[in-house]
Amino acid sequence: MQDNHVSTHDAAADARNDHIKIYVDGQIVPKAEAMVSVYDSGFLLGDGIWEGLRLYDGFIPFMDDHLDRLFEAAAYTEIDVGLDRAALKAAVWDTLDANQMTNDVHIRLMVTRGRKTKPFQHPHLSVFGSTIVIIAEHSKPDDSVIKRGIRLHTVPHHRGLPLTQDAKLNSHSKLNCIIALNHALRAGADEALMLDPFGFVNTTNACNFFIVKKGAVWTSSGDYCMNGITRQKVIDLCRAEGIAVHERNYSLVDTYSADEAFLTGTFGAQTPVFEIDGRTMSGGVAGPVFLQLRAAYKALIAAERAAG
């Protein structure tokens, strides 16, 4: 296995993260003291939901969109968050303030079904209320990944039907994606390209996936992938920029012949893909449509900040 992997979550090491303070159920404590019970349902069963947020120049873009998704997941999984939206927002800002953070911060907001009386799956054993943890770290995306690009490898592990575990849920249960990533890493790639249950191209283990063909942007139908906030913003930007965009089923035949490919996610925003299954994409450089959308996304963030 190669050891020179690139990741959509690459960031320079920051010594300040050794001394951050973390929110745990209403208390903001030093990192070394931030703990949850071994009986917590998130630890025992992956029974929890989460959101990733970014802080840009004192502003968290699309925060309401993220909280919409969190509370939608909470309703589906029947997890009582224990805080309303206003209180949850306040907890995030309190965590940032406690760390004196103003820019280039990644925030992971996690909610589990809480501590159990016994280490079994029955939800009625979670009688103590939810567990809420907020981790804010100094984390600036490594922009050199734009020049290096991401290598993808198509794996046999699929994003499943909603009948099993709906891929739209941003849950703590990520084992399927981790197994897929391990498979891709062993093939010498950086991330796994995952298909849907019918063999159509879907998403990677961590990000939403797009291709560009003849100036038009394609992405999956969205039926079997995370309903990414950045994914939707890119779709909206395509329409605003006059770029044709299609949410549709498409196969590896379409993908291998694409002019460009890229990924989207909250942390890295947009990241170019330079290789898929050993095939070079866009000549190994960031393509013009990718660069246009990345610039438009940066402008959107600036506009949201000015309006907020």
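Remember, it's a predicted structure, so these values are computed and weren't measured experimentally. We're numbering straight along the sequence, starting at 1.
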Donor-acceptor check, side chain of Thr266 to backbone of Leu53, threshold 3.5 angstrom: yes or no? no
Should the pair Arg305 and Phe59 be classed as cation-pi, given the thresholds of under 6.0 Å to the six-membered ring centre and 45° from the axis? no
If only atom types and distance count, is the side chain of Asn205 paired as donor or acceptor with the main-chain N or O of Ile178 below 3.5 Å? no
If every non-hydrogen atom of Ala136 is compared with every non-hydrogen atom of Thr95, which pair is closest and at what distance? CB-CG2, 4.3 Å
Gap separating the NE2 atom of His9 from the SG atom of Cys207, nearest 0.5 angstrom: 5.5 Å
Under the salt bridge (charged side-chain N to carboxylate O under 4.0 Å, His left out) rule, what pairs show up with a residue in residues 129-143, not counting sequence neighbours? Asp142-Arg148, Asp143-Arg294
Can you check whether Asn227 reaches Gln232 side chain to side chain, under 4.5 Å on heavy atoms? no
Determine, using the 4.5 Å side-chain heavy-atom cutoff (strictly less than), whether Leu152 and Phe200 are members of one ILVMFWY cluster. no
May I ask you to decide if Arg151's main-chain N or O and Asp190's side chain share a donor-acceptor pair within less than 3.5 Å? yes
Hydrophobic clusters here meaning ILVMFWY residues chained together by side-chain heavy-atom distances under 4.5 Å, can you tell me if Val285 and Ile211 are in one? no
For Thr280 and Gly283, indicate whether the former's side chain and the latter's backbone hold a donor-acceptor pair under 3.5 Å. no
Report the distance from atom CG of Leu237 to atom OG1 of Thr230, rounding to the nearest 0.5 Å. 10.5 Å
Can you label the angle between the Tyr297 ring and the Phe62 ring as parallel, tilted or perpendicular, going by 30° and 60°? tilted
Nearest atoms (heavy-atom pairs only) where Gln270 meets Ile146: O-CD1, 3.8 Å
Could you tell me whether the side chain of Gln165 and the main chain of Ser173 form a donor-acceptor pair under 3.5 Å? yes
Just verifying a value: how many Å separate Ser126 OG and Gln121 CD, rounded to the nearest 0.5 Å? 11.0 Å
Can you name the nearest heavy-atom pair linking Phe274 to Gly284, along with the distance? CE1-O, 3.1 Å
Is the backbone of Val289 close enough, under 3.5 Å, to the side chain of Glu260 for a donor and an acceptor to pair up by distance? yes
Please check if Val245 and Val273 belong to a single hydrophobic cluster, counting links between Ile, Leu, Val, Met, Phe, Trp and Tyr side chain heavy atoms closer than 4.5 Å. yes
For Ile150, does its backbone N or O pair with a side-chain atom of Glu191 as donor and acceptor, under 3.5 Å? no
Tyr39 atom OH: more than 12 heavy-atom contacts under 6.0 Å: no
Which is it for Met226 and Thr203 under the side chain to side chain contact (heavy atoms under 4.5 Å, CB included) test, yes or no, and what are the steps along the way? CA-CA 8 Å; Met226 169 56 57; Thr203 182; over 6 Å; no
Checking the side chain of Lys89 only, and the main-chain atoms of Asp64 only, is there a donor and an acceptor separated by less than 3.5 Å? no
Begin from the C-alpha positions of Tyr76 and Leu169 and carry the test side chain to side chain contact (heavy atoms under 4.5 Å, CB included) through to its verdict. CA-CA 9 Å; Tyr76 180 79; Leu169 280 175; 3.7 Å; yes
By salt bridge (charged side-chain N to carboxylate O under 4.0 Å, His left out) - contacts of Asp65 (at least two apart): Lys233
Asn208 (side chain) donor-acceptor with Gly265 (main chain) under 3.5 angstrom: no
With side chains defined as the heavy atoms from C-beta onward, is the minimum distance between Leu96 and Ile60 less than 4.5 Å? yes
Hey, does Val38 have a side-chain heavy atom less than 4.5 Å from the side chain of Phe43? yes
Should Tyr224 and Phe198 count as side-chain neighbours, where that means a heavy-atom distance under 4.5 Å? yes
Check the orientation of His183 and His153. Use parallel for under 30°, tilted for 30 to 60°, and perpendicular for over 60°. parallel
What's the spacing between Glu247 CD and Ser220 OG if we round to 0.5 Å? 7.5 Å
Could you pull out all donor-acceptor pairs under 3.5 Å where a side-chain atom in residues 21-31 meets a protein atom, sequence neighbours excluded?
residue : atom : partner : partner atom : Å
Tyr23   : OH   : Gly26   : N            : 3.2
Asp25   : OD1  : Ile132  : N            : 2.7
Lys31   : NZ   : Asn17   : O            : 3.1

Are Val36 and Val133 side-chain neighbours, meaning at least one heavy-atom pair lies under 4.5 Å? yes
Value rounded to 0.5 Å, distance of NZ in Lys298 from OH in Tyr56: 9.5 Å
Taking every non-hydrogen atom, the tightest pair across Asn170 and Lys174: OD1-NZ, 3.5 Å
Should Asp196 and Arg159 count as an ion pair when the cut-off is N to O under 4.0 Å? no
Got a second to check how far Leu109's CG is from Ile49's CD1, nearest 0.5 Å? 8.5 Å
Less than 4.5 Å apart, any side-chain heavy atom of Leu293 and any of Cys238? yes
Exercise: identify the closest heavy-atom pair between Ile79 and Gly48: CD1-CA, 4.1 Å
Using side-chain heavy atoms (C-beta onward) and a distance below 4.5 Å, is Arg113 in contact with Thr77? yes
Side chain to side chain contact (heavy atoms under 4.5 Å, CB included), paired with Asp47, selected from Ser41, Pro123, Ser171: Ser41
Would you call Leu193 and Leu252 a side-chain contact if the rule is heavy atoms closer than 4.5 Å? yes
Verify side chain to side chain contact (heavy atoms under 4.5 Å, CB included) between Val201 and Trp218, making sure each step is shown before the conclusion. CA-CA 11 Å; Val201 173; Trp218 295 19; over 6 Å; no
For Phe209, does its backbone N or O pair with a side-chain atom of Thr219 as donor and acceptor, under 3.5 Å? yes
